[in-house]
Protein chains: 4
Amino acid sequence: MSIPTPPPSAESGKRSRRKEARPGELLDAALDLFVEKGFAATRVEEVAARAGVSKGTLFLYFPSKLELFKAVVRHNIAGRFDEWKLEMQAFEGSSSELLHYCFFVWWERIGSTKASGITKLILSEAGNFPEVASFYRKEVIDAGQELIRQILRRGMDSGEFRKVDLDYAIYIVLAPMIFLMTWRHSIGMCVPDELELTPEEYIRLQVDNMLHGLCACQKPSSPPPTF
Amino acid sequence: MSIPTPPPSAESGKRSRRKEARPGELLDAALDLFVEKGFAATRVEEVAARAGVSKGTLFLYFPSKLELFKAVVRHNIAGRFDEWKLEMQAFEGSSSELLHYCFFVWWERIGSTKASGITKLILSEAGNFPEVASFYRKEVIDAGQELIRQILRRGMDSGEFRKVDLDYAIYIVLAPMIFLMTWRHSIGMCVPDELELTPEEYIRLQVDNMLHGLCACQKPSSPPPTF
Amino acid sequence: MSIPTPPPSAESGKRSRRKEARPGELLDAALDLFVEKGFAATRVEEVAARAGVSKGTLFLYFPSKLELFKAVVRHNIAGRFDEWKLEMQAFEGSSSELLHYCFFVWWERIGSTKASGITKLILSEAGNFPEVASFYRKEVIDAGQELIRQILRRGMDSGEFRKVDLDYAIYIVLAPMIFLMTWRHSIGMCVPDELELTPEEYIRLQVDNMLHGLCACQKPSSPPPTF
Amino acid sequence: MSIPTPPPSAESGKRSRRKEARPGELLDAALDLFVEKGFAATRVEEVAARAGVSKGTLFLYFPSKLELFKAVVRHNIAGRFDEWKLEMQAFEGSSSELLHYCFFVWWERIGSTKASGITKLILSEAGNFPEVASFYRKEVIDAGQELIRQILRRGMDSGEFRKVDLDYAIYIVLAPMIFLMTWRHSIGMCVPDELELTPEEYIRLQVDNMLHGLCACQKPSSPPPTF
DNA sequence: CATGAATGAGCTTTCATTCAT
DNA sequence: AATGAATGAAAGCTCATTCAT
């Protein structure tokens, strides 16, 4: 009315910051809920509510629930692998130590964070959204497997690791990680603290055994039996 | 084709024979669809159609979709562990061989069959049906873990395996199994034959490495570093 | 097998008696359930079960649920009015006494029996099945009203009762009856014995007041006010 | 037709005005249909359609069909009794006149309006929804009975009425009312104008007889006979 | 941009009715 | 005649999506 010009910097600044933050808040809320309840059981209204906006607003930013889901996946796989790769190449210790290092870094940055929920989510919904799954496989899994492959090759090249078929050996490293993420987001949530198992100790033992095996004896000279 | 009339004797009592077969047919159909699409995305009408009956018929045998789900889980975990336990106790080879043996038996009886889909299903839906998940944990997971525990203890008692914390070590054995089931029913379905990896070879290498480790060197005397 | 001829009279007699009793048993079961739960909330399977036959058998005797309903109504209004009429014509006491008498006879034969449920049922379902309702009105209500009309006329002719418009006066007698049946089969069932009101005392007081009115004073000479 | 643009000012806020009107419109539609067809035979889609909205909209305001039913009952018994009580206490005529007055007021405000359908509805559905019935009994019936009780006590205290057992006498007043409501919403709808009976004349005669009785003779000195 | 009332397709579940045995 | 397994048309309810404000 009679107020000539409202201070444009303060108000509009706060508002536009809010506005630009919207998609991110929605993605965070959606991540939480998708991980917690699955795609089908998550209602868009809940997502909107948790992000503090109305249902209509969500559809302003994402044209459908499925697109929101895709965006959540895409948003949470920001190329973490590049920096990781660099760290690995700069690593100066033994390959055993590198393996240890990578496991704990993975735990810190992925395994223990919300990002782990994404993996569980994808594995759960892969059947319903193959395109999302194969997108994830290409963008995330393959990059991770490549990283693992490099670590193993490094160890084998230096003579520290035995020679094994890399295409299969990567799963020796991958399996304990995927298992831990899957477990903690499903069955693990049912009986939380019964035995007080800690992920850290789980990882320590997995890596230790991955390197040295269960056998107390010397390295095998004969191939194992087949049934 | 040229057979004009199907043997009428076999047809007599067709209806009553079907009646006894119905629950099984429905459970099989439901297993397929639940595993393929998840609980929520599976429509009961689809289940009925795949079992060759109408929607209403399904509800003649199962009072609700959730009860159908529970029945599927229950039906597919019929006490397999008892015979398994006996086989294991009768086993006369080394503990390494026993571990090998168990893995391949597991693959034959569970891993490669539809039963593996159940595990994937449970892990996916655990968040939505905690009661089902904790039922499964008690009935299946715990029994499996006990079996693994016995194998490891056998090896440790005989001096064949190193001494490790059993509560964690069981996951050394469990993780590759769960991972394989999860993987094949999700991401693994997206890129089927790309690299021609076979589950058998996966298992062989996992067990081999589980026993002997990646390290070419002698057994460790010093604890691994922590980061 | 080798038994030449089973006694046909005993066995087949029992069976055919059974067979002929079927519709009646079904009608009884249906009456109970329709009265108790209403038409819509009664499942034909329940009716069959209570009658001790299968669902299919019911449809052998009654082509549809609606026809069953109609049959129930028809079956339960057997011309009781004829004998009643005779009793009334033979009655030798005063008209007041006749009114009393009729009320208590009605209570004994209708009000306190399952037959009262029919009336309540018809009143409840009249909106859904007008044809049933108007059939009931013609066959039952009108006959009852005619009976009441005769009683009142008898009293007026003898000078025992005041002159009143018979078309309306019949409701003075009908209302307490219908009300009692309706009440006992609905609201009355919620708070059964709170005050220990007995139908007999209810009837006694209704008839008494119907005859003598609430006023302690003499009969009115002036018409009542209108608002 | 020739009006090109409807006045925009009146249209502004149309949606929000409707929002406030919706529950009332739905309750009105539901009242009509429940009374007309009963609870079970009324489909929520019909209710919605009659209120001019879609099925989903109804569930925006009422979480289930049963809650809608309860709301209909609750909405139509808004404390009418308070004002009524005051009117009654302020009444200055004789108790006979008061009784007359109350009957006609009841007819004007309840009996002849849609509210009377509620009573019929409750009586019909009492068996299926005991909680609703007993809620209604407490909130409505009991309040009504209390009112009747006061009128009768007033007459008895002043010596205008004979002494009668109040617990039973209230039904002398209640029965003609309940009967009329039940009748008009059931059987009465089948043969609408056959005899041109008017509710007003029905009430007039009921009250008149309630006060003075059928007997042309003096007040009774001997108790009536029992059979 | 943001809202949230409104929509209606779609799903689970019920149950009168049919019909092969 | 009797059975009861099978059917499928409804009905209640949910929720992603739209759109007037």
Side-chain angles (χ1 to χ4, degrees), chain A residues 15-16 18-19 22 40-49 52-68, chain B residues 11-20 22 40-48 51-68, chain C residues 15-16 18-19 22 40-49 52-68, chain D residues 8 11-20 22 40-48 52-68:
Chain A
R15 189 174 244 182
S16 64
R18 204 73 224 284
K19 201 191 307 181
R22 282 281 147 75
T42 298
R43 279 173 301 133
V44 296
E45 193 159 22
E46 272 182 288
V47 175
V53 299
S54 74
K55 205 175 5 173
T57 303
L58 187 151
F59 284 94
L60 236 44
Y61 292 99
F62 306 97
S64 76
K65 193 187 181 184
L66 181 53
E67 287 305 317
L68 171 64
Chain B
E11 289 291 302
S12 98
K14 187 175 76 179
R15 208 161 200 189
S16 61
R17 260 223 315 292
R18 304 233 47 190
K19 199 235 153 159
E20 274 152 37
R22 279 285 138 74
T42 298
R43 278 170 298 131
V44 295
E45 195 160 19
E46 274 183 289
V47 175
V53 298
S54 76
K55 205 174 9 169
T57 302
L58 188 150
F59 287 96
L60 237 44
Y61 295 97
F62 305 96
S64 75
K65 191 186 179 185
L66 181 53
E67 284 306 316
L68 172 64
Chain C
R15 188 174 245 179
S16 64
R18 203 75 225 282
K19 203 192 306 180
R22 282 282 144 75
T42 297
R43 279 172 301 133
V44 295
E45 193 160 24
E46 270 182 291
V47 175
V53 298
S54 75
K55 206 174 8 171
T57 303
L58 188 151
F59 283 93
L60 236 46
Y61 293 99
F62 306 96
S64 76
K65 192 186 180 185
L66 181 53
E67 286 306 316
L68 172 64
Chain D
E11 289 293 299
S12 97
K14 184 175 80 182
R15 208 159 200 188
S16 60
R17 257 222 318 291
R18 303 231 53 188
K19 200 233 154 164
E20 275 153 35
R22 279 286 137 73
T42 298
R43 279 171 297 131
V44 294
E45 196 159 16
E46 273 181 290
V47 175
V53 298
S54 76
K55 201 175 17 169
T57 301
L58 187 151
F59 287 96
L60 237 45
Y61 296 96
F62 304 96
S64 74
K65 191 186 178 185
L66 181 53
E67 285 305 317
L68 172 64

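Basis for what follows: all heavy atoms, side chains included, without hydrogens, waters or symmetry-related copies. Every value quoted in this text rests on a predicted model; they were computed, and no experiment measured them.
Side chain of D:Glu46 to main chain of D:Arg43: a donor-acceptor pair is present (N/O by atom type, distance under 3.5 Å, no hydrogens or angles).
Take D:Lys65 and apply the salt bridge (charged side-chain N to carboxylate O under 4.0 Å, His left out) test, not counting sequence neighbours, and it matches no residue. Remark: C:Ala40 engages D:Ala40 in a side chain to side chain contact (heavy atoms under 4.5 Å, CB included) (not counting sequence neighbours). Applying the side chain to side chain donor-acceptor pair (under 3.5 Å) test to B:Ser54 and every residue at least two apart in sequence or in another chain returns B:Thr57. In this view, C:Ala41 and C:Lys37, D:Asn128 satisfy the side chain to side chain contact (heavy atoms under 4.5 Å, CB included) rule, not counting sequence neighbours. Looking at residues two or more places apart in sequence or on another chain, you find no salt bridge (charged side-chain N to carboxylate O under 4.0 Å, His left out) involving B:Glu45.
C:Val47 approaches C:Leu68 most closely through the heavy-atom pair CG1-CD2, 4.2 Å.
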Which dot-bracket string describes DNA chain E (Watson-Crick N1-N3 plus N6-O4 or O6-N4, or G-U N1-O2 and O6-N3, all under 3.5 Å; [ ] crossing; | other strand)? .||||||||||||||||||||
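For the atom pair CZ of B:Phe59 and NZ of B:Lys55, the computed distance is 8.5 Å after rounding to the nearest 0.5 Å.
Rounded to an integer number of Å, the gap from C:Glu46 CD to E:dA16 C1' is 13 Å.
For C:Tyr61 and F:dA1, the shortest distance from a side-chain N or O to OP1 or OP2 is not below 4.0 Å.
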If a protein heavy atom is under 4.0 Å from the base, mark B; if only from the sugar-phosphate, S; if neither, -; do that for nucleotides 7-14 of chain E going 5' to 3'. BBBBSSBB
